[in-house]
A.B. asks: 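One structure follows; several queries about it will come next.
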Amino acid sequence: MLCFRLVIPAALAVGYLVVCRPAIVCASPDVTDRAARFVKDHETRLRPLEVAAALAWWNANTSGKDEDFDKKVAAQNAIDAALADSKVFAQIKELKDKRGDIDDPIAARCVDVIYLTYLEKQVDAEVLKKMVELSNKVEKAFNVFRAKVDGKEMTDSEVRKVLKDSNDSARRQAVWEASKKVGEVLDGDLRALVKLRNQAAVKLGFKNYHALQLYLNEQDGDQLLKLFDELDELTREPFRKAKADIDERLEKLYGIPVAKLMPWHYHDPFFQETPSVFTVDLDKPFEKADLLAMSRKFYDGIGLPIDRVITASDLYEKKGKSPHAFCTDIDREGDVRVLANIQNNEQWMGTMLHELGHSVYSSKNIPRSVPYVVRGEAHILTTEGVAMQFERFSKSRPWIEKMGLKVPNATQFDEAAKKVQRNQLLIFSRWCQVMLRFEKGMYENPQRDLNKLWWDLVEKYQGLHRPEGRNAPDYCSKVHICSAPVDYHNYMMGQLFASQVHHAICRDIYNGADPNSVIYIGDKRVGEFMKKKVFEPGRTVDWRGLTRYATGEDLTPKAFAADFKAN
Ligand SMILES: [Zn+2]
């Protein structure tokens, strides 16, 4: 029998891990043994495939070579094929049904996690094939689509440039409308895809695809809406004020009264980011800084050294390499790498803090005694949260100065940095309201008037004016609705987690100090807290359990709102 030697705190084991046990538990040694054997067996089969896939992913993104991309696809297909096996699924389902009889909470948790992994791949082969074909078609159409204005094609970055820089309102409108035409191209395919996704979900016993995706993510639609209602309540007024300030600036900039400002005046095609109407140079302090050395010094100082990560990483621009940034745990044995393209500006300082935040929340700091299948972050929202918690320091003057950099025009920097940070988070939170509610509405009732639903939500949560008489499938112009469904809300919840953990650190380590003044530098207690309270449980707990364990409370928007003086 497999022996899990992980010592988990009693509160975790009793209070949070085992939630569905009957009052009288008759644990069965037989079921416990079978569960342990199954977990071990699963690990033996999947581990080599997962390590190979992680390496292939890394190679493809660092080299950009076709043959590496082919290997990446092949490695993923091998994993999918293993997880689609219906006989193995029947075994794990049986164990899942007898979960209450499993005497070891960690083994029971492994069963939960493995069950979800297989469930996702149990879609009928024919339906799956059609879904893959359609998603590929949609993705391709997105990539080749070009907005056409006055007979001329424009790339996505040309569209964004006009929306950012042009003072010609008519031109803005023409470009914005042309960029939304992709929605009309994709509408039919997306509707077909939604139908297929719903069919697949119903076959697996779920109401619709949205409900299935949330279940796979250990989330619940009604609870999620409650959380987002609370967030709406807390951000509505601060957002209204922030937007009024932005509107006033846009009014001056374009000579258009606020009441006549339209979606194409807000720089970003979806108003998911703050328009660049604040004149301040946040990049100045970082112009000559060594961002890598700073990151190393910071993480080392708080007791979470990253030397090995840096050695294994690929951090500067080169030909063929992915232009983005990500962090990946290759083997869950400590081989953790970051891909980045460092430039000397504030955005890359934030990105480095973010990616390296992911890197410390990995098998580097989750003990080997945690079984392989749960030796990772508790949830996407918790690792994004940790990354965001550290990322925020790139806009903090006390942090920048204590790290040894000079900030010219300190007062001006402070004011602008605070405003940009605040606006970004508020604007993002309102945009996430639209995404969550739209997707839920669409999968629950795909026959309804989706064009109207989209604009109703945009008006309500983002405060934008619906262009008069507009009746077009504008939701289809957001690529995530098509290719990364039911995922957006996790980034918002990550922000809530980031604030809540930071507040817990201020309460538990800094005697309740003002969260805006706490910058962690050189304080090893912060690393200790993160290791003990956030990293070490890995996925032996779900995100709810981890949030309660780390902060003493359920996930709420209270700390997030307090950060922006919304209360
Ligand atoms: Zn991230």
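As the structure lists them, so they are numbered: ligands from 1, and atoms in each ligand from 1. Remember, predicted model here, so these are calculated numbers, not experimental data.
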A.B. asks: Flag this pair as yes if the NZ/CZ of Arg525 is under 6.0 angstrom from the six-membered ring centre of Tyr510 and inside a 45 degree cone about the axis; otherwise no.
C.D. replies: yes

A.B. asks: Can you confirm if the NZ or CZ of Lys533 lies within 45° of the ring axis of Tyr361 and under 6.0 Å from the centre of its six-membered ring?
C.D. replies: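 That pair does not qualify as a cation-pi contact.
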
A.B. asks: In terms of the angle between their ring planes, are Phe393 and Phe390 parallel, tilted or perpendicular, with boundaries placed at 30° and 60°?
C.D. replies: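 Answer is tilted, since the angle falls between 30° and 60°.
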
A.B. asks: Quick test of your reading of the model: are Lys72 and Asp68 salt-bridged, counting only N-O distances below 4.0 Å?
C.D. replies: no

A.B. asks: Take the Zn ion (ligand 1) and tell me which protein N, O or S atoms are nearer than 2.8 Å.
C.D. replies: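 Listed by chain and number: His354 NE2, His358 NE2, Glu384 OE1, Glu384 OE2.
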
A.B. asks: Could you check, using the six-membered ring where one of them is a Trp, whether Phe497 and His379 have ring centers closer than 6.0 angstrom?
C.D. replies: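 Centroid separation for Phe497 and His379: 6.0 Å or greater.
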
A.B. asks: Classify the ring geometry between Phe298 and Tyr520 as parallel (under 30°), tilted (30 to 60°) or perpendicular (over 60°).
C.D. replies: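 Answer is parallel, since the angle falls under 30°.
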
